[in-house]
Amino acid sequence: MPGRGAQVGRPPVRWFPLSASQKLRCITPRCARRVGATPFPSDRSACMRRNALPDSEDGPPEDDSSWTQELSIFKARKNKPSQLASLRNYQAASVSKGNVVAVRSSIAVVEGLNNDAEVGTSLKFGTGDVTGVLLWRRDDNTVFALVNDDDRVAVGEVAECAFSGILQVADEEAGPQTKRKYKVACVPVGDALVGKVVNFCGIPYAEANAGPIGTDVLYPLLNATPSMEDRESIDSPLLTQVKAIDIITPLGKGQALQVSGIQGSGKTQLCIQAVMGQRGTGVRCVYAAVGCSKEQVAETIRALERSGCMEYTTVIVATEDRGLGEQYAAICYAASLAERVRDEGGDSLVVFNTVEALVKLWESITKSIQVDLNVAEGGDGGEELVEYEGMMISAQAAQRRIFFSSLIQRTARMHKRLKGGSLTGLFVVPGSPAQGRKPQMVDKVAHYKHLTEAQKAKLLKALEHQEASEQHDLNTEIVEEFMSMADGQVVLEHARDAATGGPKVDARLSVSRIGSRAYAPALADLASLVRFELAQANDAQLFAANAGTDPMARKALKRAEAVTAVLPQRPGTVCPLEHQVIQLLAVQQGILDNVPLEEVASVLEKITDEVLSLCPTAVAELQQTRMLTQTAKAAIVAALTT
């Protein structure tokens, strides 16, 4: 007789799971029981054993290697929860209802909501006429929510998560689990929004009674940041046609670049020029005009329309008279619009004209914790040191960084398996990093012997005016905190360029952490020499004992002044790649060394026009390939020196 584990020349019998009502010690077929026949011949005993229940009293066969595996499969299926039963249980228990503790500036503090609801979950207040979105969650089941109409939400009102359904999730460690699924707050991101000016709901800015547009495609307002596995390294340049960026701090596709400077230094102008530089490149642009006046919004829109940028740009508006919640929602909406382009394999550029709304919103959350929840400062463990990204910082600082980085980390270049799109961000941070210059300047003014007391008083008054203007900006700690999270920063000097009226970049403090990978091939070598010459001149000025008389030091300072004068450009203009290459070669050839600084801009324009007319073949090759070959370089240098 064949062994119990033998198959007797027959194909293996398939395993069918049995329900609890089918747990019979004998599996004699119904027809066999009815006629009293033997259920199986003796040569099919192996098949009987294979169809027998795993929990029978008989032990597993010694020679059946698949018995243990079949037993585990049976138990897993037998223990799998019934979706219908789970649904009844969840419906009976219903969704937890929370209570509104406080409401201010479009932000509601709610206690008692479901602790499994994630950030971005849609919320309902009262009878459901007022909606919101879960913004931030604390460990003690207290959440902060954005409310679309805070005037209709009162303290003590009921709030609940918008329930969507039941999900059964297979977890390798915990086994099958049944979870609630909640509705996610979404915003329209359709193609109809291109060229439009809308608010944070997709409603046209100038049409109060109009409905949202672009609703054919919806995206989460607070989308999750891409994981490291979903990202690709940043190695493709995104040319802005702004010399201060392309030469000093090159921008890569998927990079988060911070733009810092005091009020009036030209931050907005620089960002608008970067949007202008995307004309004809296929890059989709989104401009978040947040926290500014209606006049500033109108001026920004006119500048974009004059340059033809509205053909590929969407403007999201939340003026300074709107609540913090609405301003923050407008910032997140701008990111969602760009994420749709990124996820479809395209390239997008988002300009956040200020991050001040994020900072004020976090301050409002912190104030609510202390006032509305009666938690003393540091009383919730905020001063406890925790490990965050390799640093030991306070728990409160770690939570603040997580909140800020939730926006910054939405910029990314996606992996090729996810179509390889990119979202690049320009984050305007009003303020400047710590430089320690003011005490030095005050001390220098006091020791100037050749100045009269009236002149000294005038200089000190100018310093006081500068300090007053900086009071409208973010403090140094916040500026440097954003710097530590971004992929680089452009720091603008306080005064604009006198010759062009454009912003002046501080090359000493400006840096791109992506490195040479973000440079266009034609600029890689030339721009590196520019930074070297600026650093050399700075060292000569600081450390040379006779910098004023030493010929080498004077030459380095002269070259640095020429390079610095090349970087600014006139407002409302762009500088294509080929123009930047020509101008940098002119600097390297020493053509601008003896030109007065106030005349550098006009001389550069004449030189560029002459080279474009003298060597059109080399310029055309540079435009098409974005590479500076030896032949093209020789032709341009020859045109410059003739």
Side-chain angles (χ1 to χ4, degrees), residues 106 120 133 135 146 185-205 212-215 217-226 238 253-259 267-268 271-272 274-275 278 283-292 296-297 300-301 304 309-310 312-320 322-344 346-359 361 403-412 421-429 482 486:
S106 301
V133 55
L135 168 65
L146 297 175
C186 294
V187 287
V189 294
D191 294 334
L193 288 161
V194 179
K196 298 295 191 298
V197 182
V198 297
N199 67 1
F200 73 104
C201 294
I203 300 175
Y205 171 66
I213 57 179
T215 55
V217 184
L218 299 177
Y219 252 59
L221 177 65
L222 301 178
N223 209 356
T225 59
L238 191 147
K253 292 181 179 179
Q255 182 177 353
L257 186 66
Q258 175 178 333
V259 180
K267 303 181 295 295
T268 300
C271 293
I272 291 177
V275 174
Q278 306 313 309
V283 177
R284 170 82 178 276
C285 296
V286 183
Y287 192 100
V290 176
C292 47
Q296 290 172 325
V297 171
T300 298
I301 295 173
L304 294 173
C309 297
M310 292 303 294
Y312 53 89
T313 303
T314 303
V315 180
I316 313 297
V317 177
T319 51
E320 59 185 357
R322 312 307 297 177
L324 283 178
E326 184 172 333
Q327 293 183 32
Y328 180 72
I331 292 175
C332 296
Y333 185 21
S336 298
L337 272 171
E339 283 171 337
R340 186 246 170 145
V341 178
R342 179 201 68 190
D343 294 345
E344 293 180 351
D347 297 317
S348 57
L349 173 65
V350 187
V351 174
F352 303 95
N353 76 319
T354 182
V355 298
E356 194 171 2
L358 273 75
V359 179
L361 184 60
F403 182 73
F404 291 162
S405 63
S406 63
L407 174 67
I408 295 177
Q409 291 181 2
R410 292 175 76 168
T411 61
S422 67
L423 191 164
T424 308
L426 291 177
F427 297 83
V428 175
V429 182
F482 274 98

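The figures that follow rest on heavy atoms only: side chains count, while hydrogens, waters and symmetry mates do not.
Residue Asn223 holds its CG atom at 14.0 Å from CZ of Arg340, rounded to the nearest 0.5 Å. Separating the CG atom in Leu135 from the OG atom in Ser406 is a distance of 8.0 Å, to the nearest 0.5 Å. Summarising the geometry, atom CG belonging to Leu423 is positioned 10.0 Å from atom CG belonging to Leu337; distances are rounded to the nearest 0.5 Å. Gln327 CD to Thr354 OG1: the interatomic distance, rounded to the nearest 0.5 Å, is 9.0 Å. Rounded to the nearest 0.5 angstrom, Gln255 CD and Leu238 CG are separated by 9.5 Å. Here Glu339 contributes atom CD and Cys332 contributes atom SG; the two are 9.5 Å apart, rounded to the nearest 0.5 Å.
Using a 4.5 Å heavy-atom cutoff, the side chains of Asp347 and Val341 are not in contact. Between Leu361 and Phe403, some side-chain heavy-atom pair lies under the 4.5 Å cut-off. Using a 4.5 Å heavy-atom threshold, the side chains of Ile408 and Phe482 count as touching. No side-chain heavy atom of Val286 sits under 4.5 Å from any side-chain heavy atom of Tyr333.
In this structure, Ser336 contributes its side chain and Pro220 its backbone to a donor-acceptor pair below 3.5 Å. A donor-acceptor pair is defined here as one N or O able to donate and one able to accept, closer than 3.5 Å; no such pair exists between the side chain of Tyr219 and the backbone of Ala335. When atom types are taken as modelled, the side chain of Ser106 and the backbone of Gly323 share no donor-acceptor pair closer than 3.5 angstrom. For the pair Ser348 (side chain) and Ser422 (backbone), a donor-acceptor distance under 3.5 Å is present.
Heavy atoms only, all atoms of each residue included: Ala486 and Gln258 are closest at CB-CB, 4.2 Å. The heavy-atom pair separating Val350 from Ala338 by the smallest distance is CG2-CB, 3.2 Å. The heavy-atom pair separating Val275 from Leu304 by the smallest distance is CG1-CD2, 4.0 Å. Nearest approach of Val429 to Lys267, heavy atoms of both residues: O-CD, 4.4 Å. In this structure, Pro212 and Ile203 approach most closely via the heavy-atom pair N-CG1, 3.8 Å. When all heavy atoms are compared, the tightest approach of Val351 to Tyr287 is CG1-CE1, 3.5 Å.
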Practice item. Take Val428 and Thr268 through the test side-chain contact (heavy atoms from CB on, under 4.5 Å) and record every step on the way to the result. Key: CA-CA 8 Å; Val428 175; Thr268 300; 5.8 Å; no
Exercise for review: Evaluate the criterion side-chain contact (heavy atoms from CB on, under 4.5 Å) for residue pair Thr424 and Thr411; output intermediate values, then yes/no.
Suggested key: CA-CA 6 Å; Thr424 308; Thr411 61; over 6 Å; no
Practice item. Walk me through it: do Met310 and Val315 pass the test side-chain contact (heavy atoms from CB on, under 4.5 Å)? Key: CA-CA 9 Å; Met310 292 303 294; Val315 180; 4.0 Å; yes
Practice item. Step by step, work out the side-chain contact (heavy atoms from CB on, under 4.5 Å) result for Val290 and Asn353. Key: CA-CA 7 Å; Val290 176; Asn353 76 319; 3.8 Å; yes
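Leu218 is linked by a side chain to side chain contact (heavy atoms under 4.5 Å, CB included) to Cys186, Pro188, counting only residues two or more places apart in sequence or in another chain. Residues meeting the side chain to side chain contact (heavy atoms under 4.5 Å, CB included) test with Thr319, sequence neighbours left out: Tyr205, Lys294, Val297, Val317, Asp321, Arg322.
Outside the 6.0 Å centre-distance limit, the rings of Phe427 and Phe404 are not counted as a close aromatic pair.
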